[in-house]
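Just so we're on the same page: letters track the sequence lines, and every chain starts at 1.
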Amino acid sequence: MAKMIDGLLPSGRDVAFAEIEATLARIVSGGRRHNRPPARALLATVIVVGPPQRLIAAAEALEQFSDMGGVRSILISEGEHTEPIARVTDTAVAVSGLAPRYLNNAVAALRLSSLPAAVWWRGGSVEGLKDLADLADRLILDTEEPEAAWREAGSLFERTALTDLRWTALTRWRSALAHLFDLPHVRRGAAALKGVRIDARDLASGRLYAGWLKSSLPWPSGAKLEIQPCSAAGAPLTCVSLDCGGVAVTLKMREGRSCFEATAGAQESERIVPTGDVSLGALIAEELGVRTRDLAFERALIAAQEIAA
Amino acid sequence: MTVPPSSGSNPLLDGLRIEPTPAPTALIIFGASGDLTRRKLLPAVYQLSRGQRLPARFTVVGVARSEMSDEQFRQQLHDSLKEFAGISKPDDVSTALAARLFYVHGEMDDPALYQKLVAKLKECGAPDGVLFYLAIPPTVYGVVADQLAAARLTEPATPDGWRRMIVEKPFGTDLESARALNQRLHKYLDESQVFRIDHYLGKETVQNLLVFRFANGMFEPVWNRRYIDHVQITAAETVGVERRAAYYEGAGALRDMVQNHLMQVLALVAMEPPIAFSAENVRDRKLDVILSMQPFVTDRGAREHVVRAQYSAGWVNGTEVPGYRQEEGVNSESSTDTYVALRAYLDSWRWAGVPFYIRTGKRMPKRTTEIAIQFRRPPLHIFKRISPTPIAPNLLIVNVQPDEGISVRFEAKLPGTRMQLAPVMMNFRYGSAFGRPVPEAYETLLLDAMLGDATLYARHDFVEASWALITPILDAWRSAKADGLACYEAGEWGPREADALIAADGRRWRTL
C-alpha cells in the first residue's frame, strides 16, 4: 500500500479507497450532530493530478477557494499501486501512488454526479492525461515542463475543453492589448507589423502569448519575434512591445508590480491595468468558471509549438 | 481540427474571456457634486476601471451648481472611494482615473454653462461618444435637455459619435408629467438614446429571474394559475425619510417604490417568455404585463385593492424613532404615504385569478426585498391521518436584498419511525455560491448604457402604462386627503388594514 504524502490534507482521515464515500457521509453527519453549519452546496468536482509537492500547493489553493466556491477536490499522485490509500476531509479526497492506468476508474468513482468535473493537470504520465479527457468537462494543463502535454493537446481538443493555466494568467495581458486594438489607428498599424518583443518570466508563457499574436494578427513574413527571459517574480510577463507600422504599442509592468501600463502611441490612450490576483487559487477559481471550448487558446497553442523553445 | 479566427474588427478580441468594451466614451454627470455621484456613480466607474470594463479612451466631466475645480472633483473621487468603496488611499487605478476627471459648474438653465461644457470637452480631448447622466432633480431634466440641444451637444460631431442619456427616477410624478417629459426628451433624442434607470433592474437576483425562468425547463411549466396560488412582493426599509423629506413629501411610497421598482419586478415575475434576450423583446413582454393589469381604482374607489399608511413613532433596530410627521422637513399634517399595500390582478391566460400582493414601507422591522411565489397545496393530503401537522404550501422565494439568492420550501419526512412531515428550505445564495463578488447595480447599468444595451432600462411605454395604473390611485387619495390614511407604529409590519386586505382573500402576509 502506498504511503500518504506528508503535508497533504493534514486534518484528514486515512481510509481504504472503498471507504471514501462512507467516510465522507460520516463526516457530514458528524458535523450535523455537533451542530456545525451544514456543508456548502457543491458545484463541481476538481481532480488534481501531479507530483506530491505540487499536489500540496494545489490542495492549499483549493482549500482557500472552497471557502468561496464549493467544490469536491480529488488529489491524486501517480505511482505503482492498484490498492492506494486515501485521505478524506469533508470536501477533499487525496489518493496516493495510484497506478496511472486506473486514474480514470478512480475519478469515475469519486466525481460528483451530474455536476461539472475539471481536471487540473499538474504533471504525470501522458497516458493518464488522455484517459481523463473523456471524464472531464474541462482539462486544465499546469505543468512546469509543458512540452509533452502540449504535444498531446491536438488530439484532445475534440474530446474536452482544454486550456493551460498559463493562458489564464495571461488573460489580463491579452485583454489589455485587445483593448488597445479597439483604437482604429492601432488596428490599421497592425497590418504593417514589424516586430514583437516579449519579456517573460516563464518562457512557455511568452511562447503562448506570441502564439496568440501570431494566430490572431496578420503576421507579415518579415515581422520579427523576440522572447526574452526575465527574472521578475509574480506576473508571467513584464513587458510586451509591438511595432505596428510606426505605432508603438506597449504593455509594461509598473514599479510595485500591482499594475501595468498599456499605451498605444499617443498619451491619451494610456491605461493602467491591475495585474490582478495571479495566485494559484485565483487562477483556478477563474478557470472553473469556464466550461466552453476555447478556440483562441487552441490556435495559440498550435502556433506556440511552432515557435522555438 | 482548429477553426480559423473570425473576421471581427478587432482580431484580438476573438475568444477573449472579457465582456464587450464600450466605444470611447465621455461620461457627463449632471449633479456631480451630489449624493448619488459620490455614493454610487464614482465608485461604479472606479470598479469598472479596475475590471478593465472601460474603453481605452474614457473621460468623466462633472457638472453641477457647486463651484469646484478639476482638482477638487478628482479629490472627491478619492474621498468617495474611501467612504463608499473601502479604498482607503489612492491606488494606481484611481490615480489614472482621476486624471481623466474634469468639472464645470453653473446654473442648469444658464446657456453659459453649456458653452463651458463644450469648451471643457474640447480641452480634455473627450471622445465623441457621450453619455449624459442626469443625477439631478427631475424638475430640471427638461431644461437640461433643452440647453444641451441648444448647445448642439445632443448631436454627434463625427460619424462614429453617439449620444445617450441616463435619466434617474422619478420619471414624472403622474401620467401627464411622464408623457410630457417623454415628449420633451424625444424632441432631441430618440427612444433608443434614452435610458431610464431603475437600479432594481441592475440587481443580480432580479436579472436572475429571467435566467431562472427561461433557462430552466422545470419551473416554467408550473409558472401559472394552475399551480401558483398567489405572489407576494415585499420591499421593506428600516430607515425613515432621512434627508429626503423635501422629495418624499411630494412622492410617497406609491410613487417612490411601486410605480417603478415594484412594477418592474412584478413584470419580470409575470411576463411571457420573450423570443430572444434582447432589449426590445424583453421590454415588449414586460409591457404586456402592465397592460394586462386590472385597474386598482374601481367603482368603490381605491380602498378595495390599495391600502396606504403612515408610520407613527416607534422602535426600530433598538432605537426609538419619531413618527413621520415629526421628521425634520415634514409637514405636521402630512398625508404622504410611507407604506402601501396593493392587490393586483392580471387579465391574462397565465395569471387570471392569481392575486399579486405588493407591500412596501419605511420604518419596517427589517430591511428586505423579496418575491415569494406560493404554490397551491397538493389536491389531497394523504398523510392527514398519520401526520398531525398540516402541509405547508411550497414556496419559492427570490431574495432581492440584502442577501441575494433563491430558496425553495418543500415538505420532507422527519427522520424516525413515525411519518411526520416538516417544511425544509433549500437555499441558493449569490454571495457565497460562486466565489466571486456580486457587482453593484450601478456598475452593470452604467456599463450597459455605454454599450447601448437598454434591456435593463425602462422604456417610455412601460413608464407611461405604469403611471396610467398609478395615477388614478393618486387622484383618489388627493380627493380623500387624509381620509383613509392608516397608521402603523414604526417597527411594525404595516397597518391592520393591510392585514385585512390580504385576509379578505383567506391569506396572510409572510412573516419575514
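Remark: B:Y46 pairs with no residue by the ring pair (Phe, Tyr, Trp, His ring centres under 6.0 Å) rule, at least two apart or across chains. B:E220 meets the side chain to side chain contact (heavy atoms under 4.5 Å, CB included) test with B:R213, B:F214, B:W223, B:P273, B:R350; sequence neighbours excluded.
The shortest side-chain heavy-atom distance between B:L54 and A:H179 does not fall under the 4.5 Å cut-off. Using a 4.5 Å heavy-atom cutoff, the side chains of A:R187 and B:P11 are in contact. Inter-residue side-chain proximity for B:L12 and A:L213 is flagged as met; some heavy-atom pair is nearer than 4.5 Å.
More than 12 heavy atoms of other residues, nucleotides or ligands lie within 6.0 Å of CD in B:E123, so this atom counts as buried by the packing criterion. Heavy-atom contacts from other residues, nucleotides or ligands closer than 6.0 Å to NZ of A:K252 number 12 or fewer.
In this structure, chain B has heavy atoms under 4.5 Å from both the backbone and the side chain of A:A176.
Not one N or O on the side chain of A:R254 forms a donor-acceptor pair closer than 3.5 Å with the backbone of B:D92. Looking only at distances, no side-chain donor or acceptor of A:D182 sits under 3.5 Å from a matching main-chain atom of B:A56.
In this structure, CZ on B:R50 lies 12.0 Å from CD1 on A:I272, to the nearest 0.5 angstrom.
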